[in-house]
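What you are looking at is a predicted structure, and each value in this text was computed from that prediction instead of being measured. We name chains A, B, ... by the order of the sequence lines, and we start the count at 1 in each one.
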There are 2 protein chains.
Amino acid sequence: MSASLPLAPSGPRIDRLPKSTFRQHIAERLRAAILAGELGPGAPLVETTLAAQFAVSRGPLREAMRELIEEGLLVTVPYTGTHVISLSVNDIHEIYSMRIVLERFAFEQAWDRRDAQFRRELQRRMAVLTAAIDAGDDRASIQAELDLHGLVYEASGHRLLQRSWFGLRGRLQLYWAAHHRAHATRGPRRDAHDSYVQAALGQSLSAMLDEITNHMGRGAERTEAFVRFANPFDFPTTTTGALT
Amino acid sequence: MSASLPLAPSGPRIDRLPKSTFRQHIAERLRAAILAGELGPGAPLVETTLAAQFAVSRGPLREAMRELIEEGLLVTVPYTGTHVISLSVNDIHEIYSMRIVLERFAFEQAWDRRDAQFRRELQRRMAVLTAAIDAGDDRASIQAELDLHGLVYEASGHRLLQRSWFGLRGRLQLYWAAHHRAHATRGPRRDAHDSYVQAALGQSLSAMLDEITNHMGRGAERTEAFVRFANPFDFPTTTTGALT
DNA sequence: TTGCAATATATTGTCAACAATCGATCATCA
DNA sequence: TGATGATCGATTGTTGACAATATATTGCAA
């Protein structure tokens with residue numbers, strides 16, 4: 001993709017160079033496709049079709065799908081099929097309650113590690129989010145909002161916690177994407193995150209923890225109301241893309 | 001458990017029967033083998049060998065391994081190999097701090113749902129644990145202790161929380177198994193869990209939350225001390241089974 | 001002896017074909 | 001007409017062979 005860099009492997013901070021395999025690329029692209037809404041909730045995924053689409057064999061594709069299944073984005077029934085998870089109001093409850101717990105813990109861990117760079121980065125991400133909202137770019141807004149919240153997990157230095165955040169993040173992105181796709185609601189979200197950032201830069205940890213609980217509560221209400229509207233029966237087991 | 005009911009498909013609660021595939025069986029057996037210590041921390045797993053051992057092709061075996069990789073029990077480097085995770089004192093910190101957060105949340109969720117069956121089951125599992133400890137059966141003790149703690153996650157009715165517990169549970173079991181294998185320490189663990197059960201049956205949620213924090217703190221100290229002893233350099237990247 | 005380059009081997013990544021299973025369709029019969 | 005059983009197409013599960021890559025070994029030269 002890029003031009004020819006002379007030879008730059010002399011970097012002092014070589015973490016790992018990503019030794020590319022098909023499985024990884026496919027998993028990323030599949031995940032992106034799902035989260036972008038190209039494959040909405042309940043949509044079926046057939047291996048042969050996707051394999052042809054990605055121009056690879058079914059082997060690597062299956063393993064990529066298995067990765068997304070473990071992530072909770074896909075569900076599969078042996079010998080029958082695989083499809084994107086459906087929307088359930090109960091899942092929303094669980095996701096947001098979990099977010100509250102994890103993000104409060106993340107702030108407790110990261111609170112004393114907030115340095116100048118953290119504050120700079122937080123404000124930078126907030127600026128990105130604000131710009132995306134003002135521009136009316138839904139996809140970018142979701143990404144920016146997730147990145148904003150992701151910072152504290154990174155700052156916590158807690159790998160297990162970060163891992164859990166990634167697990168939640170995927171589902172959350174899926175719900176938000178469906179939400180925005182249904183009716184693009186740019187609401188009072190700027191203000192909501194203003195208070196979040198302000199507390200995160202402040203001196204009171206307990207105030208921050210309260211802010212999280214409130215912030216999440218508002219988000220949960222919004223998302224839950226949408227899902228209840230989109231799926232009034234709360235019975236997502238057979239909600240395919242087809243509508244009768 | 002029950003005798004032969006004549007023909008009971010008219011039952012209102014048919015959940016699902018588990019459509020067996022090789023992948024699932026292999027994943028279970030592999031996980032069991034790792035957690036039982038047959039494949040200790042750092043031990044390499046080669047696909048061809050295991051495939052022959054399980055008498056299946058590499059395909060299903062790879063997918064089973066991928067499952068354990070996602071679980072965090074195995075790590076893999078493309079084109080190079082896969083091995084069981086190694087022991088790190090930092091991981092212990094993360095696991096136990098996460099346990100505190102999750103189990104406190106689990107009790108908050110389950111507190112008002114504790115019914116007669118919950119109390120019975122809690123005491124039953126405590127009895128199983130006590131029996132295993134008294135019998136000196138390390139393997140059974142670990143299983144019983146995990147089952148005891150698992151009850152509150154089941155009672156919480158929070159699937160996402162339960163999922164997170166499973167992710168922790170695997171790593172924890174791995175560490176404990178290594179711990180017990182190194183030097184079978186049957187210590188004051190009976191009493192420790194006595195107070196745990198007592199609080200769980202009591203009326204004060206805040207007392208229970210405190211008990212968790214203390215309980216986990218003691219467990220973390222014990223496990224951490226062991227790992228520091230077993231792996232004094234805290235540099236597990238290349239800790240294979242071989243010792244120079 | 002030490003350092004380096006070429007080679008060899010072991011291991012994983014990928015592929016295409018075959019087998020097993022499921023769900024729906026359709027014919028058959030009471 | 002209604003229900004029951006067989007058939008068909010579609011999809012996933014499984015297999016064995018082949019290719020790509022990384023690590024270990026060996027030989028050589030300074």
message = Does atom CZ (R139(A)) have a neighbourhood of more than 12 heavy atoms from anything else shown, all under 6.0 Å?
response = no
ask   = How close or far is atom P of dG13(C) from atom NE2 of H25(A), stated in whole angstroms?
value = 13 Å
ask   = With a non-hydrogen cut-off below 4.0 angstrom, is T48(B) in contact with a base, only sugar-phosphate, or nothing?
value = base
message = Please classify the nucleic acid contact of G59(B) as base, sugar-phosphate, or nothing, using heavy-atom distances under 4.0 Å.
response = base
remark   = To the nearest angstrom, the CD-C1' distance between E47(A) and dC18(C) comes to 15 Å
query = Could you state the CD1-P distance from I69(B) to dT12(C), rounded to the nearest angstrom?
reply = 10 Å
note = Comparing nearest nucleotides in DNA chain C, the 5'-proximal residue of the pair P60(A), Y79(A) is P60(A)
Which nucleotide in dG13(D), dT14(D), dA16(C) has an atom nearest any side-chain atom of F22(B) = dT14(D)
message = Can you tell whether the side chains of R66(A) and E67(B) come within less than 4.0 Å, N to carboxylate O?
response = no
query = Does F54(B) have its ring centroid less than 6.0 Å away from the ring centroid of H25(B)?
reply = no
Distance in angstrom units between R23(A) CZ and dA20(D) C1', rounded = 14 Å
inquiry  = For the CZ atom on R163(A), are there more than 12 heavy atoms of other groups (residues, nucleotides or ligands in this structure) within a distance under 6.0 Å?
reply    = yes
task = Determine the contact category for L45(B): base if any of its heavy atoms lies under 4.0 Å from a base atom, sugar-phosphate if only primed atoms, P, OP1 or OP2 are that close, otherwise nothing.
result = sugar-phosphate
query = What's the closest nucleotide to the V56(B) side chain, out of dG13(C), dT14(D), dT15(D)?
reply = dT15(D)
ask   = V46(A) side chain: which of dT11(D), dT15(D), dG13(C) is closest?
value = dT11(D)
E103(A)/Y153(A) under side-chain contact (heavy atoms from CB on, under 4.5 Å): CA gap, chis, key distance, verdict = CA-CA 8 Å; E103(A) 199 152 327; Y153(A) 293 95; 3.4 Å; yes
task = Grab the CG-P distance between L61(A) and dC15(C) for me, whole Å please.
result = 10 Å
query = Which nucleotide in the list dG23(C), dG13(C), dT12(D) gets nearest to the side chain of T80(A)?
reply = dG23(C)
task = Ignoring backbone atoms, test whether R58(A) places a side-chain nitrogen or oxygen under 4.0 Å from the OP1 or OP2 oxygen of dT12(D).
result = no
ask   = Rounded to whole angstrom units, what separation is found between the CZ atom of R66(B) and the P atom of dT12(C)?
value = 10 Å
inquiry  = What is the separation between atom CD on E63(A) and atom C1' on dT12(D), rounded to the nearest whole Å?
reply    = 15 Å
remark   = Rounded to whole Å, the CZ-P distance (R62(B) to dC15(C)) equals 11 Å
